[in-house]
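As structure tokens, the structure follows; a few thoughts come after it.
Numbering of ligands and ligand atoms starts at 1, following listing order. Just the heavy atoms: all of them, side chains too, but no hydrogens, waters or symmetry mates, feed the values below.
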Amino acid sequence: MFNSIALVGGTHGNETSGIQLIRNWQQFGLPSRFNELNISLNIANEAALNANVRFVEEDLNRQFTFDRLASNNLAKEAVLAKTLNEKFGPKGNSNTDFVIDIHNTTSEMGATLIILEADEFHIQLARFVKQQMPEANILVEDEKPYLEHGYLCTTGKRGVMIEVGGQPQGVLREDVYLLTQTMAEAILDFCVAYNNQEIKTGALPACEAFRLGENVGFPLNRDGARTAMIHHSLQDNDFKPLLPGSPMFRTFDGKDIPWDGEKETYPHFINEAAYFKLDVAFATSERITL
Ligand SMILES: [Zn+2]
């Protein structure tokens, strides 16, 4: 039963879709079919929003591990995380049944629902969303237990992220906004149906999903400078199969570097701008059925 749901935008201050969706729902109200739900509308990092940056000092969406929440870190986002943890959590003993945190990516990931567990509940949610929104992608990040993630959404008893792209940082695109709104409403429709005990796993068709593998870094020289860029045949092909031997990088002196995995992988977060400093080129995933 969902007694309390927190919808969050602006965890990253330059990811505009969620921020605008929250503002619009604050101003014009949520669709009336959600009246029976207890939903709070929240902007997480106002300071980052005002500066139109992802974060002011540290990435807010990495601050919500138990270690970090207990630390004496005085960075703006570390302090903010403790406040938000009081508001939505406290993590591990949460007052909020469900935290839905809305993000954008510069990668062509379309509307992606990120779930952190592949248990019965999340399988039902994934199937429901995919049924309502066949163009949605389901990404499973269950490489570690739910509570070990540093994500803001883990302050809730349950938490998921909406990740929509491609959209440049700080820019609001209507097509990306509409995908964000559609996915948020699909998740809330699920909450209504779940509360009314209308959700049966067997009644929902199994759906395609992608399980996170690992990050692939850009090739670097001895000085740590990049020697290649994403190959044009990989660029914008998030969640499409990358076959062994297919090019993934083009070096600056004109050579192709192929994917050398043993089998196909499904790249995503391809050329994500926010991972620039980390030299992450993309993440791999395996195609699964939920
Ligand atoms: Zn984000």
Answer key: the N, O or S atom of His12 nearest to the Zn ion (ligand 1) is ND1

Using a 6.0 Å distance limit plus a 45 degree cone around the ring axis, check whether Arg158 lies over the aromatic ring of Phe121. yes

So does Glu163 have any N/O/S atom less than 2.8 Å away from the Zn ion (ligand 1)? no

Sort out for me which residue in Arg54, Glu57, Arg68 forms a side chain to side chain contact (heavy atoms under 4.5 Å, CB included) with Glu77. Glu57

For His268 and Phe239, I'd like to know if the aromatic rings sit close, meaning centre-to-centre distance below 6.0 Å. yes

So, of the N/O/S atoms that Glu15 has, which is the nearest one to the Zn ion (ligand 1)? OE1

Is Glu208 salt-bridged to Arg127, going by a charged N under 4.0 Å from an acidic O? no

For the Zn ion (ligand 1), find the closest N/O/S atom belonging to His103 and write down its atom name. ND1

